[in-house]
There are 2 protein chains.
Amino acid sequence: MGMLVRKLARHTDLGSGDRVALGTLTSQNVRALRHRSLIDRDPETGPIHIMLAGWACRFAVLPSGRRRILAFYLPGDICDFDLFTARQIDQPIAAIGAARVAAVDRRSLRQAMTRQPQIERAFWSEAALDAAIQRSWTINVGHRAADRRLAHLLCELHVRLGATGASGGAGVAFPLTQADLGDACGLTSIHTNRAIQELRRAGLLDLSAGTLRIHDWAGLCTMASFDPAYLTVAAEEAEGDEAVGERRAAG
Amino acid sequence: MGMLVRKLARHTDLGSGDRVALGTLTSQNVRALRHRSLIDRDPETGPIHIMLAGWACRFAVLPSGRRRILAFYLPGDICDFDLFTARQIDQPIAAIGAARVAAVDRRSLRQAMTRQPQIERAFWSEAALDAAIQRSWTINVGHRAADRRLAHLLCELHVRLGATGASGGAGVAFPLTQADLGDACGLTSIHTNRAIQELRRAGLLDLSAGTLRIHDWAGLCTMASFDPAYLTVAAEEAEGDEAVGERRAAG
DNA sequence: CGTGGGTTTGAATTCGGTCAAGTTTCGTGG
DNA sequence: CCACGAAACTTGACCGAATTCAAACCCACG
């Protein structure tokens, strides 16, 4: 069953019709990606990409030659919300490890949003969530000390992966290298390494061999001043819905 | 005439009906703000805020006590795109200097989007633009050296203010203090000051007494590696429009 | 004429970067 | 199953950019 539906259903009520429509859209044009293969997009006709499995990241390579990661996309995430504008894609998006993405035709998507108003609502909500995450990154890379930065990013990813609280025993699969984490936090891989060691030494977490284990969730949140509120979208009361429902029913 | 319409019309064709609807929405509930007055919002019923005149910024105060500015909102800008979710507002928004904002009821806005499909398109495009700017900030505060950071921010604001190229003679009105700029760039006001002096000494710009004068636009862009492409949204060809137009016409 | 916000200057400190080397891990093919 | 090589991880010494602390300065405004 689709990760996209699962994610959207967290904050938006989706009927069976909505789910079917989303399933159709995301099964149309699925691409398998290997490590570091680019998700490219023709600026004119290019589709919207939605992660089905695996991770991806959006990055920029600066004149200095250094890579800066701007966002991570996890299963179910929508890689961009350029539904209408023929905007040139700002930054390349690349798979981390093996991944599968659905390349959804923008026109079909808009038509689906027309017929299924809840899909449109869900996309607006996701876009708002996306923006909140991006703002949180701006804070993170711009101000916090190295260990706090790492801690905050790991908290965010842990929650976005659906893991709540500590993940003591098995931990969660975590495909990022220390260099990746560094690029996402604005640190060198060397300093990233030292920061991780501090977190380890403090008994907060353990990160190795492709798995992240958080031993002291509360402690980690405190040191990172992480508050998961911005990642949870409460569904709005039904008050305003009729208006939206009405018109679409006519279509 | 509304700054909002002027901004949206840059990338989306707006008919007279659209313009009237937007005018009505933004004239309904206008608030005058003094320096630093907050744009607060009830998480449940709160309206969407749109800048009519003056500047505002979204900021966060960190445990260290330092303020970090996350976004600037200029006349015509939409402060948030939380159309459907009852999300708690992440960060406070405050006016810079005197400002006027329209507090637009979310339900009315959604109804307007229903009746005027071009308004919905315009909002999606603006949201995409907003996201691109936020990503650019993530790069800026996370990686560039102090003077480059400042330069990039000034380039962005200059373009967003509608000024193209150098603004030699009169310059543009610029209400930000060096402390504001510092908070937006992740720098202390002291270091911001030194960085500005460097830009001045290099003959790139002059920033004082509430006006920004850019003497060497090309030079400034080069040093900041600023490419205005991400700020310009090209309108999409009409190819996909019929589908959207159709349904709305029915409503 | 004083007050306070914004700006400017200087010196000491620190966090993170750079450079350079070494070690571990893991996947691949012999 | 082991040998090999590449990528990831780790460690140490040095350096530089930005912060911090402290103190003027300037100008607009009451």
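Predicted, not measured: the structure shown is a model, and the values here were computed from it. Each chain gets a letter, A, B and so on, in the order the sequences are listed, and its residues count up from 1.
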How many Å lie between [atom1] on [X] and [atom2] on [N], as a whole number?
{"X": "A/Arg144", "N": "D/dT19", "atom1": "CZ", "atom2": "C1'", "result": "18 Å"}
{"X": "A/His191", "N": "D/dG12", "atom1": "NE2", "atom2": "C1'", "result": "15 Å"}
{"X": "A/Gln197", "N": "D/dC9", "atom1": "CD", "atom2": "P", "result": "12 Å"}
{"X": "A/Phe174", "N": "D/dA8", "atom1": "CZ", "atom2": "P", "result": "15 Å"}
{"X": "B/Arg194", "N": "D/dA18", "atom1": "CZ", "atom2": "C1'", "result": "9 Å"}
{"X": "A/Ile196", "N": "D/dA8", "atom1": "CD1", "atom2": "P", "result": "14 Å"}
{"X": "B/Leu150", "N": "D/dA18", "atom1": "CG", "atom2": "P", "result": "11 Å"}

* Asked: Can you tell me if B/Ser208 and B/Arg213 form a side-chain donor-acceptor pair at under 3.5 Å?
  -> no
* Return yes if a side-chain donor-acceptor contact under 3.5 Å exists between B/Arg135 and A/Gln134, otherwise no. => no
Regarding [X], tell me which of base, sugar-phosphate or nothing describes its non-hydrogen contacts under 4.0 Å with the strands shown.
{"X": "B/Leu187", "answer": "sugar-phosphate"}
{"X": "A/Gly186", "answer": "sugar-phosphate"}
{"X": "B/Arg200", "answer": "sugar-phosphate"}

* Using a cut-off of strictly less than 4.0 Å, decide whether A/Asn193 has a side-chain nitrogen or oxygen near OP1 or OP2 of D/dC9. => no
* For the residue pair A/Phe226 and A/Trp217, categorise the inter-ring angle as parallel (less than 30°), tilted (30 to 60°) or perpendicular (more than 60°). => perpendicular
* Using 30° and 60° as the class limits, which term best fits the ring planes of A/Phe81 and A/Phe123: parallel, tilted or perpendicular? -> perpendicular
* To do: Walk along DNA chain C from 5' to 3' and tell me the first and last nucleotide with an atom closer than 4.0 Å to a non-hydrogen atom of chain B.
  => C/dG6 to C/dA11
* Structure fact -> Between B/Gln178 and A/Thr188, whichever has its closest DNA chain C nucleotide further toward 5' is B/Gln178
* Find out whether A/Val104 and A/His49 are in side-chain contact, i.e. whether some heavy atom of one side chain is under 4.5 Å from a heavy atom of the other. => no
Listing, residues 169-182 of chain A side-chain donor-acceptor contacts under 3.5 Å, not counting sequence neighbours, or none:
from: A/Thr177; atom 1: OG1; to: A/Ala179; atom 2: N; distance (Å): 3.3
from: A/Thr177; atom 1: OG1; to: A/Asp180; atom 2: N; distance (Å): 3.1
from: A/Thr177; atom 1: OG1; to: A/Asp180; atom 2: OD2; distance (Å): 3.2
from: A/Gln178; atom 1: OE1; to: A/Asn193; atom 2: ND2; distance (Å): 2.9
from: A/Asp180; atom 1: OD1; to: A/Arg67; atom 2: NH2; distance (Å): 2.7
from: A/Asp180; atom 1: OD2; to: A/Thr177; atom 2: N; distance (Å): 3.1

Please list every donor-acceptor pair under 3.5 Å in which a side-chain atom of residues 185-192 of chain B meets a protein atom from a residue at least two apart or in another chain.
from: B/Thr188; atom 1: OG1; to: B/His191; atom 2: N; distance (Å): 3.2
from: B/Thr192; atom 1: OG1; to: B/Thr188; atom 2: O; distance (Å): 2.7

